[in-house]
Amino acid sequence: MSIAENIRYIREQINQIQGTDAVSLLAVSKTFGVQAVQEAIEAGQSAFGENYVQEGVQKIRYFEQAFPNVLLQWHFIGPLQSNKTREVAQYFDWVESIDREKIVRRLSEQRGAEKEALKLLIEVNIDQQNSKSGVKAEAVRDLADLIMTLPNLSLQGLMCIPDPNRTEKERLNSLKRMRALFDQLKSEGYPMNVLSMGMSSDMIDAIHCGSTQVRIGSAIFGERHYE
Ligand SMILES: *Cc1c(COP(=O)(O)O)cnc(C)c1O
C-alpha cells in the first residue's frame, strides 16, 4: 500500500474507535526522506514526529524553503541531549520527550521570544524501566510547575512509551494508569490537553484507554532501515 493509502486506513481506524476524546495523528517520519514526507503531506497530513535533531532540522528547513505556504507542525519525540537543545528550540513546534529540569531551562532560554511558545509534553516512564527516559509519575508535578513559571514554553500534556515486552494485560494497565494520571493532573488545574500514547503496534489499545494523540511510523511509512 502507498503512504497515502496507509494514512487513509489509519484515519479510518481512529475514527471507528470510541475513545474518550478526539484523537490526532502524528506521522513519525524518522529515517524517511523528504519524498515520503511530501507524499504524506499530499494525503493531508500536517503533523510530523522526528527523533534525531540533525535529520529533523534538515527536513524542516527543506519544507520551509520548498513549500513556504504549507503549514506543518514538527514534534521532537526522541531523547534530547542538552547540547542539542538550541536547534530544537529554534526549529521545532513541540517537544514530547521532556524529562528533566536542565533541558526545560535551556529550551526556555533558547526559544526566541518572537516565536510562538514551544509546546511541551512531559514524558512519563510509566513502567519504571531502568534504561528508559521519562520521569516517574510522582515527579511530573515538579517539572510541570517549573515549565509553567518559565517564559517561551507552553505545557500541553503528557507522553509515554510503555514497555513493549510486557503481557497484554500489563500493557493495558500501563495505558490506563497514564490516562488516570492525565485526568488527575487536569483536575488539579494543570494544562493537560494532549495525552500522547500509542504507536503502530498498540494504537487501538491506546485509543481505547484514552489517548488523544497517536504517534505512528511504520504503519504509515513502512519498515525503518537505520544507517
Ligand atoms: C519511532 C517512534 C514512534 C513510531 O513507532 P512505530 O512503531 O513505527 O509506529 C513513536 N514514538 C516514538 C517516541 C518513537 O521513537
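None of the values given here were measured: they were computed from a predicted structure.
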Q: Looking at M197 and A206, what are the two nearest heavy atoms and their distance?
A: O-CB, 3.4 Å
Q: Could you check whether the rings of F221 and F48 sit parallel, tilted or perpendicular, using 30° and 60° as the cut-offs?
A: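 Rings of F221 and F48: tilted, as their planes differ by 30° to 60°.
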Q: Start with the C-alpha gap between N152 and L118, add the side-chain angles, then the distance that decides, and say whether side chain to side chain contact (heavy atoms under 4.5 Å, CB included) holds.
A: CA-CA 6 Å; N152 311 325; L118 185 61; over 6 Å; no
Q: Side chains of L80 and K84: does their closest heavy-atom pair fall under 4.5 Å?
A: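 Result yes, sub-4.5 Å side-chain heavy-atom pair found.
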Q: Is it true that a side-chain atom of E55 and a backbone atom of T31 form a donor plus acceptor pair closer than 3.5 Å?
A: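 Such a contact is found between E55 side chain and T31 backbone.
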Q: I need the Y52 OH to K30 NZ distance, nearest 0.5 Å.
A: 5.5 Å
Q: Should M192 and I147 be counted in the same cluster of Ile, Leu, Val, Met, Phe, Trp and Tyr side chains packed under 4.5 Å apart?
A: yes
Q: For residues M1 and I216: do they belong to one hydrophobic cluster (side chain heavy atoms under 4.5 Å, members Ile, Leu, Val, Met, Phe, Trp, Tyr)?
A: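 Hydrophobic grouping puts M1 apart from I216.
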Q: Quick one: pull up CG in L181 and SG in C160 and give me the separation to the nearest 0.5 Å.
A: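 It comes to 9.5 Å.
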Q: Nearest heavy-atom pair of S133 and N125: which atoms, and what distance?
A: O-CB, 3.8 Å
Q: How long is the straight-line distance from CD of Q16 back to CD1 of I207, given to the nearest 0.5 Å?
A: 10.5 Å
Q: Considering only NZ, NE, NH1 and NH2 on the basic side and carboxylate oxygens on the acidic side, decide whether R141 and D145 come within less than 4.0 Å.
A: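 Salt bridge between R141 and D145, a charged N being under 4.0 Å from a carboxylate O: no.
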Q: Is it the case that one hydrophobic cluster holds both I60 and W94, taking links as side-chain heavy atoms less than 4.5 Å apart, direct or via other members?
A: no
Q: May I ask you to decide whether D99 forms a salt bridge with K136, counting only side-chain N to carboxylate O separations under 4.0 Å?
A: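 No, this pair does not count.
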Q: Spell out, as yes or no, whether a donor-acceptor pair under 3.5 Å connects the side chain of Q45 to the backbone of A47.
A: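 Judged by distance alone, yes, a pair lies under 3.5 Å.
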Q: Please check if the side chain of R111 supplies one atom and the backbone of E116 the other of a donor-acceptor pair under 3.5 Å.
A: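 At least one qualifying donor-acceptor pair exists.
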Q: Do the side chain of E109 and the main chain of R106 share a donor and acceptor less than 3.5 angstrom apart?
A: no
Q: Answer yes or no: does atom CZ of R86 have more than 12 heavy-atom neighbours from other residues, nucleotides or ligands under 6.0 Å?
A: no
Q: Indicate the atoms forming the closest heavy-atom contact of I161 with M159, along with that distance.
A: CG1-SD, 4.0 Å
Q: So, applying side chain to side chain donor-acceptor pair (under 3.5 Å) with S174, which one of D163, D202, D205, D127 is it?
A: D127
Q: Checking the side chain of N173 only, and the main-chain atoms of K169 only, is there a donor and an acceptor separated by less than 3.5 Å?
A: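 No; zero donor-acceptor contacts below 3.5 Å.
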Q: Does R215 use its side chain to pair, donor to acceptor, with the backbone of M199 at less than 3.5 Å?
A: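 No, because the side chain of R215 does not come within donor-acceptor range (under 3.5 Å) of the backbone of M199.
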Q: Determine the minimum heavy-atom distance between S82 and K102, stating which atoms define it.
A: OG-NZ, 3.4 Å
Q: What's the separation between atom CD1 in I3 and atom CD in E42, rounded to the nearest 0.5 Å?
A: 10.0 Å
Q: Would you sort out whether S29 and W74 count as a side chain to side chain contact (heavy atoms under 4.5 Å, CB included), showing the intermediate values?
A: CA-CA 10 Å; S29 46; W74 293 93; 4.2 Å; yes
Q: Do the side chain of S108 and the main chain of P151 share a donor and acceptor less than 3.5 angstrom apart?
A: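 Yes: the side chain of S108 pairs with the backbone of P151.
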Q: Taking Q90's backbone N and O only, do any of them form a donor-acceptor pair with K115's side chain (distance below 3.5 Å, no angle check)?
A: yes
Q: Does any donor atom in the side chain of E223 or S218 lie under 3.5 Å from an acceptor atom in the other side chain?
A: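 No, because no side-chain N or O of E223 sits under 3.5 Å from a partner of the opposite role on S218.
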Q: May I ask whether I17 and I14 are part of the same hydrophobic cluster, defined by side-chain heavy atoms of I, L, V, M, F, W, Y residues being less than 4.5 angstrom apart, directly or through others?
A: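 Linked, I17 and I14 end up in one cluster.
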Q: Answer yes or no: is there a side-chain heavy-atom contact under 4.5 Å between L195 and R179?
A: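 In contact.
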Q: Any chance you could lay out the side chain to side chain contact (heavy atoms under 4.5 Å, CB included) test for I98 and L121, step after step, and finish with the verdict?
A: CA-CA 6 Å; I98 293 296; L121 302 184; over 6 Å; no
Q: Taking the side chain as every heavy atom from C-beta outward, state whether V135 and E123 have any atom pair closer than 4.5 Å.
A: no
Q: A side-chain contact here means heavy atoms from C-beta on lying under 4.5 Å apart; do L175 and S211 qualify?
A: no
Q: Are side-chain heavy atoms of F63 and I41 found at a separation under 4.5 Å?
A: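 They are in contact (side-chain heavy atoms under 4.5 Å apart), so the answer is yes.
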Q: Under a 3.5 Å threshold, yes or no: a donor from one side chain and an acceptor from the other, between E188 and Q184?
A: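 E188 vs Q184: donor-acceptor pair found between side chains.
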Q: Got a second to check how far S154's OG is from L120's CG, nearest 0.5 Å?
A: 7.5 Å
Q: Any side-chain heavy atom of Q73 within less than 4.5 Å of one from F92?
A: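 The answer is no; the side chains never approach within 4.5 Å.
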Q: Counting only heavy atoms not in R224 (residues, nucleotides, ligands), do more than 12 fall under 6.0 Å from its CZ?
A: yes
Q: How does the hydrophobic cluster around V28 look, that is, which other residues are in it when side-chain heavy atoms under 4.5 Å mark a link?
A: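 Its cluster partners, ordered by chain and number, are L26, I77.
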Q: Is I122 close to L155 at the side-chain level, that is, under 4.5 Å between some pair of heavy atoms?
A: yes
Q: Could you walk me through whether R105 and L150 pass the side chain to side chain contact (heavy atoms under 4.5 Å, CB included) check?
A: CA-CA 8 Å; R105 290 192 186 281; L150 293 176; 4.2 Å; yes
Q: With heavy-atom distances below 4.5 Å as the criterion, would you say the side chains of V124 and L158 are in contact?
A: yes
Q: Taking atom CD of Q156 and atom OG1 of T212, what is their separation to the nearest 0.5 Å?
A: 10.0 Å
Q: For the side chain of K59 and the backbone of F32, is there at least one donor-acceptor N/O pair under 3.5 Å apart?
A: yes
Q: Check for a donor-acceptor pair, side chain of Q213 on one end and backbone N or O of S196 on the other, with a separation under 3.5 Å.
A: no
Q: Quick one: do V194 and M203 end up in the same hydrophobic cluster if we chain Ile, Leu, Val, Met, Phe, Trp and Tyr together by side-chain heavy atoms under 4.5 Å apart?
A: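 Different clusters.
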